[in-house]
Novice: 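One structure is given below, represented as structure tokens, and several questions about it will come after.
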Amino acid sequence: MESNGTNQTLFAVGQYPGRWGFWTQQIVTPIIVVVGIAGNLASFLLMKTKSFRKKSYSHFLCALAVFDSLCLINREITLIHEMMVDNEKDGVFKYYSDLSCQMFSFYEHVCYLMSSWLIVGMAAERVVAMCFPFKKTLIRTQTGAIVTIISTFVVMCFTQLFRFIMMKNIGGVCQGDTYKHTEYIKLHIYFYQLTLVLCLPFLLVLVCNTLVMYQIYRVRKAAVKSRSRVVMRSHKSTLMLLAIAFTYLITMLPLVLISFIWMVAMENADVSLVISLYPIQQCVSVISYCNYGVNFFIYILSGRSFRLELRRIFLKEQLQNTSATRTREEFLRLQ
């Protein structure tokens with residue numbers, strides 16, 4: 001939600017929501033941002049190692065690390081702006097031109113969309129991998145994964161082109177010009193927020209995960225009967241990707257529910273309900289931010305191979321640093 005516009009609307013009718021949601025965002029979010037960006041950087045490096053970079057899902061996870069980090073940065077920029085406005089100072093967007101607001105809004109919302117739809121892509125890739133294990137489909141190849149990511153990016157960009165027409169800098173806030181473009185609210189809330197960011201990806205990931213879990217259950221049931229240990233150990237990558245997808249579902253579910261209730265309250269002009277929901281929505285948003293920074297910790301917890309590869313990365317850096325220090329010391333001794 002565009003919180004600055006919502007604040008202005010509530011203040012205009014003389015209503016002030018609780019401050020605890022605002023301070024929860026301001027205190028907790030920077031911690032999530034710092035930890036999340038560090039984890040995403042480690043995730044990117046991990047997926048670029050020889051052990052993982054040739055796997056199709058590694059491309060999805062690398063792209064996800066990039067867009068998740070951008071989402072965290074964008075979120076922190078918005079919170080800094082809100083804090084500045086709260087302290088009666090000029091916000092971050094005060095001197096933005098209309099074009100600057102349009103470009104920032106386009107970039108920001110495409111990042112959020114990519115973060116959601118890359119998880120859908122990974123979930124779909126796992127469905128194909130589990131249901132057609134012996135069939136070489138395009139999405140399971142490196143080229144197919146890259147094509148899927150680029151195609152998703154192009155489609156997401158296309159869905160947000162309306163922001164170049166409808167966004168303006170209104171009183172130092174980048175928001176939709178609802179006076180000239182009354183359809184902006186429907187496009188932003190119903191089409192972008194509820195459909196593209198929350199409900200559609202949520203449902204697709206849920207369906208894909210259900211299919212994958214059912215297939216794993218069938219295969220493992222057959223493996224138990226035949227006492228095959230190889231099959232029992234072959235699903236570690238799939239389970240790790242399932243953990244990422246289910247984390248997305250868990251962190252986004254409260255926001256989906258609150259958003260639906262919020263929309264109903266707005267449609268019915270129930271100001272008291274909107275005011276009581278506003279700080280709750282702010283806290284629930286903080287939970288959803290965890291989705292952008294938790295993947296690295298899922299890798300570490302999900303499999304021994306990820307931990308070993310990460311250890312190799314850090315040991316290699318330590319050996320290089322030790323070697324460089326020794327060379328420097330030997331050079332100084334010769335002098």
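Values below: all heavy atoms of this structure, side chains included; hydrogens, waters and symmetry mates excluded.
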Novice: Please step through side-chain contact (heavy atoms from CB on, under 4.5 Å) for the pair Leu61 and Met122, ending with a clear verdict.
Specialist: CA-CA 8 Å; Leu61 294 176; Met122 284 194 305; 3.2 Å; yes

Novice: Within this structure, what is the OG1-CD1 distance for the pair Thr182 and Ile185, rounded to the nearest 0.5 Å?
Specialist: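 One gets 8.0 Å once the value is rounded to the nearest 0.5 Å.
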
Novice: Once rounded to the nearest 0.5 Å, what's the spacing between atom CG of Leu255 and atom CG of Asn291?
Specialist: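 Leu255 CG to Asn291 CG: 10.5 Å, rounded to 0.5 Å.
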
Novice: Strictly by modelled atom types, are Gln25 and Tyr289 linked by a side-chain donor-acceptor pair under 3.5 Å?
Specialist: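 Indeed, the side chains of Gln25 and Tyr289 share at least one donor-acceptor pair under 3.5 Å.
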
Novice: To the nearest 0.5 Å, how far apart are CG in Leu198 and CG in Leu203?
Specialist: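 Result: 10.5 Å between the selected atoms.
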
Novice: Given side chains that start at C-beta, do those of Phe202 and Ser116 come closer than 4.5 Å, heavy atoms only?
Specialist: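 No, side chains not in contact.
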
Novice: Quick check: closest heavy atoms across Ile250 and Pro254, and the distance to 0.1 Å?
Specialist: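 Smallest heavy-atom distance, with atoms named: O-CD, 3.1 Å.
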
Novice: Taking the side chain as everything from C-beta on, heavy atoms only, tell me whether Gln282 gets closer than 4.5 Å to Thr24.
Specialist: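 Side-chain contact under 4.5 Å: no.
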
Novice: Is there a continuous path of hydrophobic side-chain contacts, each under 4.5 Å between heavy atoms, that joins Val173 to Leu79?
Specialist: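 No, Val173 does not connect to Leu79 through the hydrophobic network.
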
Novice: Are we looking at SG atoms under 2.5 Å apart for Cys71 and Cys111?
Specialist: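 Not so, these two cysteines form no disulfide.
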
Novice: Between Glu183 and Met166, is any pair of side-chain heavy atoms under 4.5 Å apart?
Specialist: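 Side-chain contact under 4.5 Å: yes.
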
Novice: Going by heavy atoms in the side chains, are Phe106 and Cys157 under 4.5 Å from each other?
Specialist: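 Yes - at least one pair of side-chain heavy atoms lies under 4.5 Å apart.
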
Novice: For Met83, look at atom CE and say whether over 12 heavy atoms of other residues, nucleotides or ligands are found less than 6.0 Å away.
Specialist: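 Yes, enclosed.
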
Novice: Distance check, rounded to the nearest 0.5 Å: Met252 atom CE versus Leu257 atom CG?
Specialist: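 Met252 CE to Leu257 CG: 11.0 Å, rounded to 0.5 Å.
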
Novice: Would you call Val155 and Trp117 a side-chain contact if the rule is heavy atoms closer than 4.5 Å?
Specialist: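 The answer is no, as the side chains (C-beta and beyond) never meet within the 4.5 Å cut-off.
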
Novice: Determine whether Phe164 and Met103 make a side-chain contact, defined as any pair of heavy atoms from C-beta on separated by less than 4.5 Å.
Specialist: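 A side-chain contact under 4.5 Å exists here.
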
Novice: Check this for me, if you would: do Lys89 and Glu82 make a salt bridge, where the nitrogen-to-carboxylate-oxygen distance has to be below 4.0 angstrom?
Specialist: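 No.
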
Novice: Using the ring of each side chain (for Trp, its six-membered ring), is Phe104 parallel, tilted or perpendicular to Phe93, with breaks at 30° and 60°?
Specialist: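 The arrangement is tilted - the two ring planes meet at 30° to 60°.
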
Novice: For the residue pair Asn74 / Tyr112, report whether a side-chain donor-acceptor contact shorter than 3.5 Å exists.
Specialist: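 On atom types as modelled, these side chains do not qualify, holding no pair under 3.5 Å.
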
Novice: Output yes when a side-chain donor or acceptor of His109 lies under 3.5 Å from a complementary backbone atom of Ser105, and no otherwise.
Specialist: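 Judged by distance alone, yes, a pair lies under 3.5 Å.
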
Novice: Please collect all side chain to side chain donor-acceptor pair (under 3.5 Å) contacts where either partner lies in residues 144-158, sequence neighbours excluded, each pair once.
Specialist: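 Listed by first then second residue: nothing to list.
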
Novice: Is there a donor-acceptor pair under 3.5 Å between the side chain of Asp177 and the backbone N or O of Lys168?
Specialist: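 Checked: no pair found.
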
Novice: Tell me, with the steps shown, if Asn295 and Ser43 meet side chain to side chain donor-acceptor pair (under 3.5 Å).
Specialist: CA-CA 8 Å; Asn295 291 344; Ser43 301; over 6 Å; no

Novice: Linking I/L/V/M/F/W/Y whenever any side-chain heavy atoms sit under 4.5 Å apart, do Leu194 and Val197 land together?
Specialist: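 Same hydrophobic cluster.
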
Novice: Report yes or no: is the cationic atom of Arg163 (NZ for Lys, CZ for Arg) under 6.0 Å from the centre of the six-membered ring of Tyr192, at an angle within 45° of the ring normal?
Specialist: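 Judged by the rule (NZ or CZ under 6.0 Å from the ring centre, within 45° of its axis), Arg163 counts as positioned above Tyr192.
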
Novice: Please say yes or no: joined through hydrophobic side-chain contacts below 4.5 Å, possibly via intermediate residues, are Tyr107 and Leu161 part of one cluster?
Specialist: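 The answer is yes; both residues are in one hydrophobic cluster.
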
Novice: Should Val286 and Thr29 count as side-chain neighbours, where that means a heavy-atom distance under 4.5 Å?
Specialist: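 The answer is yes; the side chains approach within 4.5 Å.
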
Novice: Does Gln102 reach the main-chain N or O of Met167 with its side chain, forming a donor-acceptor pair under 3.5 Å?
Specialist: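 Judged by distance alone, yes, a pair lies under 3.5 Å.
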
Novice: Does the ring centre of Phe60 sit less than 6.0 Å away from the ring centre of Tyr57?
Specialist: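 That pair fails the under 6.0 Å test.
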
Novice: Cut-off 3.5 Å, side chains only: do Asn40 and Tyr292 have a donor facing an acceptor?
Specialist: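 No donor-acceptor contact under 3.5 Å links the two side chains.
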
Novice: What is the distance from atom CD of Glu76 to atom CD1 of Ile37, rounded to the nearest 0.5 Å?
Specialist: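 If I round to the nearest 0.5 Å, the distance is 8.5 Å.
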
Novice: Residues in side-chain hydrogen bond (donor to acceptor under 3.5 Å, both in side chains) with Ser285, at least two apart?
Specialist: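 Expected list: Gln281.
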
Novice: Which is it for Trp20 and Ile280 under the side-chain contact (heavy atoms from CB on, under 4.5 Å) test, yes or no, and what are the steps along the way?
Specialist: CA-CA 9 Å; Trp20 56 271; Ile280 298 173; 3.9 Å; yes

Novice: Would a 4.5 Å heavy-atom cut-off, applied to side chains only, mark Val85 and Asp90 as touching?
Specialist: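 No, their side chains stay 4.5 Å or more apart.
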
Novice: Taking all atoms of both residues into account, what is the closest heavy-atom pair of Gly172 and Asn169, and its distance?
Specialist: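 So the two residues come closest at N-OD1, 2.9 Å.
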
Novice: Is there a path from Val110 to Ile146 through hydrophobic residues (I, L, V, M, F, W, Y) whose side chains come within less than 4.5 Å of each other?
Specialist: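 Val110 and Ile146: separate clusters.
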
Novice: Search all heavy atoms of Phe191 against all heavy atoms of Leu187 and return the closest pair with its distance.
Specialist: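 Looks like CB-O, 3.1 Å.
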
Novice: Does Ser100 form a side-chain contact (heavy atoms from CB on, under 4.5 Å) with Tyr95? I'd like the steps, not just the answer.
Specialist: CA-CA 9 Å; Ser100 298; Tyr95 300 105; over 6 Å; no

Novice: Shortest non-hydrogen contact from Lys48 to Cys62?
Specialist: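 Minimum heavy-atom separation between Lys48 and Cys62: CE-SG, 3.7 Å.
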
Novice: Flag yes if Val147 and Val154 sit in one hydrophobic cluster, no otherwise; membership is Ile, Leu, Val, Met, Phe, Trp, Tyr, and two members link when side-chain heavy atoms are under 4.5 Å apart.
Specialist: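 No: no chain of side-chain contacts under 4.5 Å links Val147 to Val154.
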
Novice: List the atom of Ile119, the atom of Ala245, and the distance in Å for their closest heavy-atom pair.
Specialist: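 In this case the closest contact between Ile119 and Ala245 is CG2-CA, 4.1 Å.
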
Novice: Please table the atom pairs, donor to acceptor, closer than 3.5 Å between any side-chain atom in residues 207-214 and protein atoms at least two apart or in another chain.
Specialist:
residue : atom : partner : partner atom : Å
Thr210  : OG1  : Leu206  : O            : 2.7

Novice: Looking only at side chains, do His59 and Gln142 share a donor and an acceptor under 3.5 Å apart?
Specialist: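 A pair is found: one side chain offers a donor N or O, the other an acceptor, under 3.5 Å apart.
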
Novice: Hey, could you give me the CD1/CD1 distance between Ile32 and Ile287, rounded to the nearest 0.5 Å?
Specialist: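 Those atoms lie 9.0 Å apart.
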
Novice: Decide side-chain contact (heavy atoms from CB on, under 4.5 Å) for Gln160 and Leu196; before the verdict, give the C-alpha distance in whole Å, the side-chain angles of both, and the deciding distance to 0.1 Å.
Specialist: CA-CA 11 Å; Gln160 299 305 299; Leu196 293 181; 4.2 Å; yes

Novice: Assign the ring pair Phe67 / Phe153 to parallel, tilted or perpendicular, where the plane angle (0 to 90°) is split at 30° and 60°.
Specialist: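 Tilted, since the angle between the ring planes falls between 30° and 60°.
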
